[in-house]
Asks: 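Here you go, one structure.
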Amino acid sequence: MPLRHGWQVARAPFTLTERFMRKARDMSEAVTIELGDTRLCGRLYRPGGAVRAAAVLNGATGVPARFYAAFAEWLARERGIACLIWDYRDFGWSGDARDSPATMNDWGIADSQAARDWLTRACPDVPLWVIGHSLGGMMLPFQRDLGGIARVICVAAGAVHVGDHPWPYQAVARAFWSPVLPWLARRAGYVPLHRLRLGHDLPRGVYLQWRRWCTTHGFHAADPDLPDPDATALNCPMRIVAVADDALCPPVSVWRLGASYPAARQTRVLLRPEAFGLARLGHLHVLGARGHAAWAEVVGDGLDG
């Protein structure tokens with residue numbers, strides 16, 4: 001999400017995150033997932049001992065997979081959970097946004113499905129988890145084979161309308177969705193956020209569909225380009241985690257998303273940064289290296305699925 005509470009915050013912890021990556025390099029391996037003519041790239045972190053579960057971590061819009069390296073390393077080392085972090089097509093490790101035809105449908109449905117299917121084959125015979133951050137927790141109803149998922153953890157994933165943001169951040173969000181970036185996207189063939197010092201470049205179609213969702217009441221439920229969801233197919237335990245100081249996806253929008261999963265056995269968790277001795281968690285720090293103190297509460301118990 002835009003500016004200070006999103007893009008720039010997403011960039012700041014990468015030095016710390018990359019230290020975790022170097023430390024954990026011996027317990028992770030590079031991964032390439034073939035999806036037709038598309039290649040998705042990531043890393044799989046494996047525990048040193050027995051694998052108790054396998055988790056695919058679907059990231060937030062505009063947040064590279066390497067941001068989650070510290071969390072993935074912790075899951076593997078401390079919880080015995082293999083964790084796949086990966087980038088959506090034409091983003092991060094998976095390519096370049098310039099002139100990409102990618103849309104949110106591609107990222108949230110086709111790519112996420114492919115990553116989950118790959119992990120199922122790589123780590124058979126253990127419970128399969130899906131951990132979704134922001135966008136990564138929103139798109140499961142549009143995917144298939146949901147009955148094979150043992151547990152879902154949605155973190156700061158909300159059906160957020162621009163009017164949900166608290167002020168003064170709402171003014172920043174409205175500027176981000178103004179006609180300026182769509183004009184730039186059409187002219188450049190992508191959204192040049194890096195050049196504007198607003199974060200990481202995005203494919204044009206991803207930004208335009210995201211903009212439509214966040215400026216329309218009903219969020220993606222009102223998008224005619226999305227297929228019909230299967231609202232009852234997911235019936236596993238689901239941990240829905242909101243962050244009290246998250247200006248991008250305030251708790252009200254996170255709880256709203258719960259209606260998309262009517263058959264899931266939901267547990268709602270509200271994280272307050274002061275409970276973990278932190279000045280803030282926000283939308284990104286909760287799964288970044290700086291949010292380490294909160295990770296146990298994010299994951300909870302439930303290794304039995």
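These values consider heavy atoms only, across backbone and side chains, with no hydrogens, waters or symmetry-generated copies. Fair warning: this is a prediction, and the values are worked out from it, not measured in the lab.
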Asks: Which residues pass the salt bridge (Lys or Arg N to Asp or Glu O under 4.0 Å) test with Asp111, not counting sequence neighbours?
Replies: Arg89

Asks: For Val254, which residues count as a side-chain contact (heavy atoms from CB on, under 4.5 Å) partner, sequence neighbours excluded?
Replies: Ile240, Ala242, Cys249

Asks: According to side-chain hydrogen bond (donor to acceptor under 3.5 Å, both in side chains), who are the partners of Arg39, at least two apart in sequence or on a separate chain?
Replies: Glu34

Asks: Treating Ser112 as the side-chain partner and Trp107 as the backbone partner, does any N or O pair qualify as donor plus acceptor under 3.5 Å?
Replies: yes

Asks: For residues Gly62 and His200, report the shortest heavy-atom separation together with the two atoms involved.
Replies: O-CD2, 3.6 Å

Asks: Looking only at heavy atoms, what is the nearest atom pair of Gln266 and Gly258, with distance?
Replies: NE2-O, 2.8 Å

Asks: Would you name the heavy atoms of His165 and Leu248 that are closest together and state the gap between them?
Replies: CE1-O, 2.8 Å

Asks: Would Arg151 and Trp129 count as a cation-pi pair here, with the cationic atom under 6.0 angstrom from the ring centre and within 45° of the axis?
Replies: yes

Asks: What is the minimum heavy-atom distance between Leu57 and Cys83, and which atoms define it?
Replies: CB-SG, 4.2 Å

Asks: Would you please name every residue forming a side-chain contact (heavy atoms from CB on, under 4.5 Å) with Val51, sequence neighbours left out?
Replies: Pro47, Ala82, Val126

Asks: Can you run down the side-chain hydrogen bond (donor to acceptor under 3.5 Å, both in side chains) pairs that involve residues 253-263, sequence neighbours left out, and say none if there aren't any?
Replies: Asp164-Arg256

Asks: Not counting sequence neighbours, which residues clear side-chain hydrogen bond (donor to acceptor under 3.5 Å, both in side chains) with Gln113? List them please.
Replies: Arg116, Asp117

Asks: Sequence neighbours left out, what pairs pass side-chain hydrogen bond (donor to acceptor under 3.5 Å, both in side chains) with at least one residue falling in residues 219-230?
Replies: Gln209-Asp223, Arg212-Asp223, Arg212-Asp225, Trp213-Asp223

Asks: Starting at OG1 of Thr120, measure out to CD1 of Ile149 and round the result to the nearest 0.5 Å.
Replies: 8.5 Å

Asks: Holding to side-chain contact (heavy atoms from CB on, under 4.5 Å), I want the full list of residues that pass it with Ala244, two or more places apart in sequence or in another chain.
Replies: Leu270, Arg272

Asks: Donor-acceptor pairs are to be reported for all side-chain atoms of residues 182-192 against protein atoms at under 3.5 Å, with residues two or more places apart or in another chain.
Replies:
from   : atom 1 : to     : atom 2 : distance (Å)
Tyr190 : OH     : Arg98  : NH1    : 3.2
Tyr190 : OH     : Arg98  : NH2    : 3.4
Tyr190 : OH     : Arg195 : NH2    : 3.1

Asks: Return the set of residues passing side-chain hydrogen bond (donor to acceptor under 3.5 Å, both in side chains) with Glu297 (not counting sequence neighbours), or none when no residue passes.
Replies: Arg239

Asks: What are the two closest heavy atoms between Leu281 and Gly291, and how far apart are they?
Replies: CD2-CA, 4.1 Å

Asks: Applying side-chain hydrogen bond (donor to acceptor under 3.5 Å, both in side chains), name anything that partners Trp86, two or more places apart in sequence or on another chain.
Replies: Asn58

Asks: Restricting to side-chain contact (heavy atoms from CB on, under 4.5 Å), what partner residues turn up for Asp87, sequence neighbours left out?
Replies: Pro64, Ala65, Phe91, Trp93, Ser94

Asks: Could you report the tightest heavy-atom contact between Gly148 and Leu128, atom names first, then the distance?
Replies: O-CB, 3.9 Å

Asks: Should Leu75 and Tyr45 be marked as a side-chain contact (heavy atoms from CB on, under 4.5 Å) after you check the CA-CA gap, both sets of side-chain angles, and the distance that decides it?
Replies: CA-CA 8 Å; Leu75 270 182; Tyr45 290 76; over 6 Å; no

